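All remarks here apply to the structure that follows.
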Amino acid sequence: MSLPSSDFRNIRNWIRNCDRLHTNCPPTPNQYRQPHEIPSWVLDIRNGCIVPGSTASCYVALSYVWSTTESEKLTLELWTGNLSQFQKSGFLDGMKQSFLPKVISDAIDLVKQLGERYLWVDRLCIVQDGRMKRSEIENMDNIYSGAYFTIIAAASPGLYVNLDRRHRAPMGVSCFHRYLYDKLLKSKWATRGWTFQEQVLSRRSIIFVNGDVFWDCRNSLWSHESPGPRKEAGEGYDAYSQKQIDNHEMAVTVPSTAFADFRLYRELVCLYSGRDLTYAQDVLSAFMGIINELSHTFPGGFVGGLPVLFLDAALLWQSFSKGKRRVWTQGRSEDADMPKTNLPSWSWCGWHAVVDPESLHVRSLEWLRPQMRTKPIVTWSVLSEDLRLERKLPESRILEDYCRRFLDWGDWDTPPGWSRHDIRYPPPRNSTWTYCDTRSPKLDPNLFYTFTHISDPSKLFCHPIPMVNPGRKPTAHPQNWPYLHCEATTGCFKIQSILSRKSSAQAKLKESRISSLHVPFTSLDKFHGGPKGEELCRVVSLADADGQPAGLLRIMDDDTEIRPGQEIELMAISLGSMGWDETFSSYEERIDLLKSADYPRMEHSFVRDPPSDYEDGTGSETAPLTFRPRRAAAVETDHSRAARPWGRKGEDYRFYNVLWIERTGGIAYRKAAGRVAREAWERNCGEKLSVILG
């Protein structure tokens, strides 16, 4: 099947209009880029061979999924043994194309028809057994961001699948764009780990899905329903179009900002973390291009995929649904020198699980209540695989220093580039709170000033944040150093009860009009509807040595052995606090108090095992929780809930953020994370100990 002439005309017009109207979309020509930013080899379509990337003025990149079918396992690839043959003119023409997957053959034909000469395809332009393969992989951010455009092959088996649309009913532009992205998200291409950064880092893409083709760049989305730019009254070209797509999963791009955007990092991680990889150890490599891009604005860089500047907040990640530990996959020669411990339990990259966006917050910036922030209590460092080398991470404490200076002490000496504004006067026109979901949030009455940075005065901050000095190279920590080290207090607590979704309960479906609203990425079906019932994480209720309620943990792995009365070891990594509304809506606390997980579209019921005194109706409001046989449950009262520190209506909940750790050979591994009430922890914890997290 060939590309219909109408689609071919559209594609040519999309490229021409983007070149003409969008100054920030076309990449820098190769002759003005640094040598390390250019791919080593590109495919010369005209001569049927590969040539050095430095000889091409521009190139097209291909993003696709490697086939695992038997018929394509013996396809042509670039190896050290055939490198010289690949460079011979005409080598890839004729019969050799019969050894290429159909998606690559279709991409070659498309590039040729569009009048372009050079194409970058990983299996033809990276020496698969070469010593530079790892560095080529880690250079993906430059390869895809430097491409003239990227062909995204989400159709199967080739690009041109069922492109005859004569019998399709017409629909509005907005609905059609959502329809296109729904098709993209349901494709196999959208489940694979490597393809995520390939799309995110591309400045502009031609996307093929089964039955459709459309254009996606930093400014517009065009399709056969909206084949070109339109100018709306009072708005620039395609302002209307961008509003329809800028919150879709695949429309995420890495914008050019001068400040460390933790919300963008959160969005990218949540959308990537649950993707599949043939080799689990590639989980960071397939995200490294994004990390490299973000490192330009994140002081301190990244360690294990977590930003050092926000390390205390990032370590609190939780799973949106059940997950499993990623396990090293054997069978690849180039992994021989790679440490087998590069999948740390303390980072999301060590787990095959979708990260819950509600678990990642920088509270001093987001909630606009300075006292409700996560406060560091330990000093972190990173250790090499052999535990002999240690590197301190002082940047992990800088954010708290800024909070104390400008929120607690009211320091008037703002850092260079920052300005202070009296919040009682109207903020600049079209300004937005940088880390807040709403345009006019409810402000803390004790917050008198807001701050702006010279790089973008429309962005409002509760306090200044550290900035990377212009011209300074990003901080580079060894990503294969798998251990974190700190001095922390630990304590032993007992599992009081286990809350699991009722296996026989039917989820209650709620009515929703979300498809007609302009919503954030958390309102995609992936997050908005909640996990499937059987994928909901269990919650563990903890008791201290006296049997008093102490805290809650979220258990994301069904293989984790838990039973009532079991004693476990916890370590405290930070202090935190939440207002009553936030506490009551948090996953763990809501399930414990109401035995219900509530999502905008779905509500699930939970059951406690064993029931507490409150639930079997025999206990008093002040008696400690005890282990009892299962009995018929009674409805809890506000008085019984108030026995838990997190159930006191109208009061702030103050707690320690804790990790459940299990030690093996002197190394502690994260099993789960949660919160323990501050008074309960301080009654039961021991002295500070040296802890190495693996």
Side-chain angles (χ1 to χ4, degrees), residues 2-3 27-140 142-153 157-160 194 198 202 206 208 332-334:
S2 60
L3 182 67
T28 304
N30 280 0
Q31 57 263 37
Y32 301 113
R33 299 167 66 191
Q34 297 296 320
H36 70 275
E37 297 175 340
I38 303 172
S40 299
W41 301 97
V42 292
L43 175 59
D44 185 341
I45 303 296
R46 184 181 303 170
N47 293 322
C49 62
I50 62 170
V51 296
S54 57
T55 63
S57 59
C58 65
Y59 60 91
V60 177
L62 176 65
S63 173
Y64 69 109
V65 175
W66 284 48
S67 174
T68 57
T69 60
E70 289 297 325
S71 62
E72 293 193 357
K73 283 185 177 179
L74 299 177
T75 55
L76 195 63
E77 294 178 354
L78 179 62
W79 297 83
T80 304
N82 61 17
L83 178 59
S84 59
Q85 289 181 293
F86 264 70
Q87 298 177 65
K88 294 179 180 178
S89 180
F91 176 74
L92 295 173
D93 294 335
M95 289 184 58
K96 291 301 180 183
Q97 283 209 30
S98 64
F99 291 94
L100 293 176
K102 185 170 179 13
V103 63
I104 296 181
S105 297
D106 285 351
I108 291 174
D109 291 340
L110 177 61
V111 171
K112 186 181 298 183
Q113 290 180 58
L114 291 173
E116 300 300 326
R117 180 172 179 178
Y118 301 102
L119 174 67
W120 186 90
V121 183
D122 54 0
R123 73 197 309 159
L124 302 179
C125 300
I126 295 179
V127 181
Q128 301 300 311
D129 59 346
R131 59 184 179 85
M132 298 300 292
K133 181 178 180 179
R134 179 62 53 184
S135 62
E136 290 270 2
I137 290 174
E138 293 176 355
N139 193 37
M140 288 295 183
N142 290 314
I143 290 176
Y144 280 94
S145 65
Y148 185 49
F149 60 82
T150 297
I151 300 170
I152 291 180
L159 294 181
Y160 318 131
W194 285 101
E198 292 170 5
S202 296
I206 302 172
F208 288 86
R332 206 167 54 173
S333 59
E334 61 262 31

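Worth saying up front: this structure is predicted, and the values here are computed from it rather than measured.
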Quiz item: Out of curiosity, N30 CG to Y148 OH, how far, rounded to the nearest 0.5 Å?
Solution: 13.0 Å

Quiz item: What are the two closest non-hydrogen atoms of R33 and T28, and how far apart are they?
Solution: CD-O, 3.3 Å

Quiz item: Does a side-chain heavy-atom distance below 4.5 Å link F149 with L114?
Solution: yes

Quiz item: What are the two closest heavy atoms between N82 and E77, and how far apart are they?
Solution: ND2-O, 2.9 Å

Practice problem: Flag the pair V42 / L119 as yes when at least one side-chain heavy-atom distance between them is below 4.5 Å, and no otherwise. | Solution: no

Quiz item: L92 versus L76: any side-chain heavy-atom pair under 4.5 Å?
Solution: yes

Quiz item: How about I104 and F99: do any of their side-chain heavy atoms sit closer than 4.5 Å?
Solution: no

Quiz item: Aromatic rings Y160 and F208: how do their planes relate, parallel, tilted or perpendicular, breaks at 30° and 60°?
Solution: perpendicular

Quiz item: What distance separates E136 CD from W41 CH2, expressed to the nearest 0.5 Å?
Solution: 10.5 Å

Quiz item: Is there side-chain contact between L3 and L159, with at least one heavy-atom pair below 4.5 Å?
Solution: no

Under 3.5 Å donor-acceptor pairs involving side-chain atoms of residues 45-59, not counting sequence neighbours:
residue	atom	partner	partner atom	Å
N47	ND2	D44	OD2	3.0
T55	OG1	P52	O	2.6
Y59	OH	I143	O	2.6

Exercise. With sequence neighbours left out, write down each residue that passes side-chain hydrogen bond (donor to acceptor under 3.5 Å, both in side chains) with N142, or none if nothing qualifies.
Key: N139

Quiz prompt | Distance, nearest 0.5 Å, that separates CD of Q85 from CH2 of W79 | solution = 14.5 Å

Self-check item: Backbone of L62 reached by a side-chain donor or acceptor of Y144 within 3.5 Å
Solution: yes

Quiz item: At their closest point, which heavy atom of P157 faces which heavy atom of K102, and how far apart are they?
Solution: O-CB, 4.2 Å

Quiz item: Hey, what do you get for CG (D122) to CE (M140), rounding to the nearest 0.5 Å?
Solution: 6.0 Å

Practice problem: To the nearest 0.5 Å, tell me how far D106 CG sits from I151 CD1. | Solution: 9.5 Å

Self-check item: Distance, nearest 0.5 Å, that separates CD of Q128 from CG of L83
Solution: 12.0 Å

Quiz prompt | Which atom of P27 lies closest to which atom of S145, heavy atoms considered | solution = CB-O, 3.8 Å

Practice problem: Taking the side chain as every heavy atom from C-beta outward, state whether L100 and L124 have any pair of such atoms under 4.5 Å apart. | Solution: yes

